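Reviewing the structure listed below.
The shown structure was predicted, so the numbers you read here are calculated from the model rather than taken from an experiment. Here is how names work: the chains are called A, B, and so on, in the same order as the sequence lines, proteins then strands, and each is numbered from 1.
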Number of protein chains: 2
Amino acid sequence: MKDLLKQIPIFENFNDDDIAYLQKISTLKTFEKNSIIFFKGDDSRYLHILLQGSLKIYKYNQNNNEVMLKMLNTTSLVAELANLEHMPYPSNCSTLGESKILLVDYDKFESYFLKDSKFLLMFVKSLTKTILMLEKTISLNLTLNSTSKVAKHIYELFPNTCHMSHKIRASTLNMTPETYSRIIRKFKDENLIKEENGEFKILDEKKLKKYFDI
Amino acid sequence: MKDLLKQIPIFENFNDDDIAYLQKISTLKTFEKNSIIFFKGDDSRYLHILLQGSLKIYKYNQNNNEVMLKMLNTTSLVAELANLEHMPYPSNCSTLGESKILLVDYDKFESYFLKDSKFLLMFVKSLTKTILMLEKTISLNLTLNSTSKVAKHIYELFPNTCHMSHKIRASTLNMTPETYSRIIRKFKDENLIKEENGEFKILDEKKLKKYFDI
DNA sequence: TTAATAGCTTGATTCACATCAATAAAATAT
DNA sequence: ATATTTTATTGATGTGAATCAAGCTATTAA
């Protein structure tokens, strides 16, 4: 595990002692697809660090539909704010695919690591990343309509082939699969995109961009 | 101005030298009501610190309606993320009432202050506050319907008397004044609230709470 | 004091998207 | 290979909130 920890970008500035201590206060856990990591309101005893796989952070709206706040894919601190502020988790978290998560005893982590500016800088970076994601979520959901959301989503993913079901894509964009499907249908009819073995190809980038470029 | 800076909670840990340098690289400006502080896309040369008054951070949606992302009232860093990341401002900012803002030359600020963990901690605190506000904005706008938003808003403000027009209240909640008015009408008809010289009084806390307590 | 302007309320209409429903297609299990 | 479950598509209907419109009230200006 020591080697694994050393490779994690977040810990790039840690020396051997740091890593050793980190290892001592952590457990590595593997969760299978669709496992709950924590519920909204749970006590934030552990700092969760996603090492492999993907997670979603979500709440429920008043119709009991999930509202996805963010999706985490790369190595990242999960809900570090709750730890920092010693508050319960503000949202739910579950795995989308099989995932490896490092659970760190936060109190010990805090007293050892959070005195030093190099570690603080790590937190600043992570908080910054979180803010950018949240701002993106807000822009996406509060300033764009569904058609624009889908257009932007396709545009930003392309040409990365990352296979996701339409259902997941729709939920990432906080809309129903029906709405997503109808919009894709429209884009295909307008010859903006085509679908080849589950991946979108953009046929008319300019027109597609017009849908979300304000 | 030196005394003013010393009183600012954010700078509580600064010593005389720090304050002196801060003063050297800053200008204090007073903006009147409804002045633009910066536009989305502007270069983030200055760190803005709100000292007095109130600001709104907002974008436009596709119908050219304002979407208010946050409202700042207390002493706070404004859009510090843009500075930290050396990126253009992601949103617009304007004053709601007359406001005093400290404009700090960010490059100088960074090279002097951001090496030290005590200053970093200040940033961490500010980023944390920003995240909490953003999460609140998201919860409010993505998980609650308009009725619940209004109920929550009234509940959380009460009994603080802070005079705001219905128009401003509506825009804080990202809805039209018409919708706001209709919901207030309904609450009055249900004897949940009453209005006395521009302030709401809650008559039935339990029922009001039911509207937003999931 | 009156005029002008901005904010508030209420009704009618429109719109974007969700919901409900039915069928088809694909993925997974047996 | 067949059965079963999950996902995808398409149409019909419902709904919350925006928009449009008109009259009203309060504030500010002349």
Side-chain angles (χ1 to χ4, degrees), chain A residues 32-34 60-68 96-98 140-154 162-190 193-200 211-212 214, chain B residues 32-34 58-68 96-97 140-154 163-190 193-200 211-212 214:
Chain A
E32 53 185 68
K33 192 177 158 179
N34 294 323
Y60 289 95
N61 69 10
Q62 295 183 314
N63 303 328
N64 255 316
N65 298 326
E66 271 185 21
V67 177
M68 197 190 289
L96 285 168
E98 194 189 272
L140 189 77
N141 289 293
L142 296 186
T143 70
L144 298 184
N145 61 28
S146 293
T147 308
S148 309
K149 285 202 260 181
V150 174
K152 193 172 184 191
H153 188 245
I154 292 174
C162 98
H163 193 71
M164 268 195 268
S165 67
H166 284 197
K167 205 188 156 199
I168 294 281
R169 289 180 207 259
S171 105
T172 306
L173 300 172
N174 289 316
M175 66 182 69
T176 59
E178 291 96 323
T179 300
Y180 186 82
S181 176
R182 279 183 246 271
I183 292 167
I184 292 297
R185 164 89 285 127
K186 198 181 74 172
F187 287 169
K188 282 178 185 168
D189 289 350
E190 289 174 8
I193 58 170
K194 64 176 175 176
E195 207 167 355
E196 267 171 14
N197 31 302
E199 294 305 325
F200 294 121
Y211 272 108
F212 60 90
I214 317 188
Chain B
E32 54 185 68
K33 191 177 157 180
N34 293 324
Y58 61 101
K59 296 192 177 190
Y60 289 95
N61 69 10
Q62 295 182 316
N63 302 329
N64 255 316
N65 298 326
E66 271 186 20
V67 177
M68 197 190 289
L96 286 168
L140 189 77
N141 290 293
L142 296 185
T143 71
L144 299 184
N145 61 29
S146 293
T147 308
S148 309
K149 285 202 261 180
V150 175
K152 193 173 185 189
H153 188 245
I154 293 175
H163 193 72
M164 267 194 269
S165 67
H166 284 199
K167 206 187 155 199
I168 294 280
R169 288 180 208 260
S171 105
T172 306
L173 299 172
N174 289 316
M175 65 182 69
T176 59
E178 291 96 323
T179 301
Y180 186 81
S181 174
R182 279 183 246 271
I183 292 167
I184 293 296
R185 165 89 286 125
K186 199 181 74 172
F187 286 169
K188 283 179 184 166
D189 289 350
E190 290 174 8
I193 58 169
K194 62 175 177 177
E195 207 168 355
E196 267 171 14
N197 32 301
E199 294 304 324
F200 293 122
Y211 272 107
F212 60 89
I214 317 188

Per atom distances to the B/R182 side chain, the nearest of C/dG11, C/dT19, C/dG7 is C/dG11
Go through the structure and list residues passing salt bridge (Lys or Arg N to Asp or Glu O under 4.0 Å) with B/E196, not counting sequence neighbours.
B/K194
Contacts of B/E66 that satisfy salt bridge (Lys or Arg N to Asp or Glu O under 4.0 Å) - sequence neighbours left out
B/K56
By side-chain hydrogen bond (donor to acceptor under 3.5 Å, both in side chains), A/T147 pairs with (sequence neighbours left out) none
For B/K188, check salt bridge (Lys or Arg N to Asp or Glu O under 4.0 Å) against everything at least two apart and list the hits.
B/E195
Going by salt bridge (Lys or Arg N to Asp or Glu O under 4.0 Å), name the residues that satisfy it together with B/K167, two or more places apart in sequence or in a different chain.
none
With each end axis built from five pairs of C1' atoms, what bend angle do you get for the helix from C/dT1-D/dA30 to C/dT30-D/dA1? Round to 10°.
40°
Is the A/H166 ring parallel, tilted or perpendicular to the A/Y180 ring (thresholds 30°, 60°)?
perpendicular
Give me the first and last nucleotide of DNA chain D, going 5' to 3', that has any atom under 4.0 Å from a heavy atom of chain A.
D/dT7 to D/dA12
Which residues within residues 170-181 of chain A lie with some heavy atom under 4.0 Å of an atom in DNA chain D?
A/E178, A/S181
Between the protein and nucleotides 22-28 of chain C, list every N/O to N/O distance that falls short of 3.5 Å.
none

side-chain contact (heavy atoms from CB on, under 4.5 Å) involving A/N65 - partner list, sequence neighbours excluded:
A/N61, A/N63
May I ask you to list the residues of residues 145-153 of chain A, by number, that have any heavy atom positioned under 4.0 Å from an atom of DNA chain D?
none
Quick one: list whatever passes side-chain hydrogen bond (donor to acceptor under 3.5 Å, both in side chains) with A/T179, sequence neighbours left out.
A/T176
Would you say A/S165's side chain and A/I168's backbone share a donor-acceptor pair under 3.5 angstrom?
yes
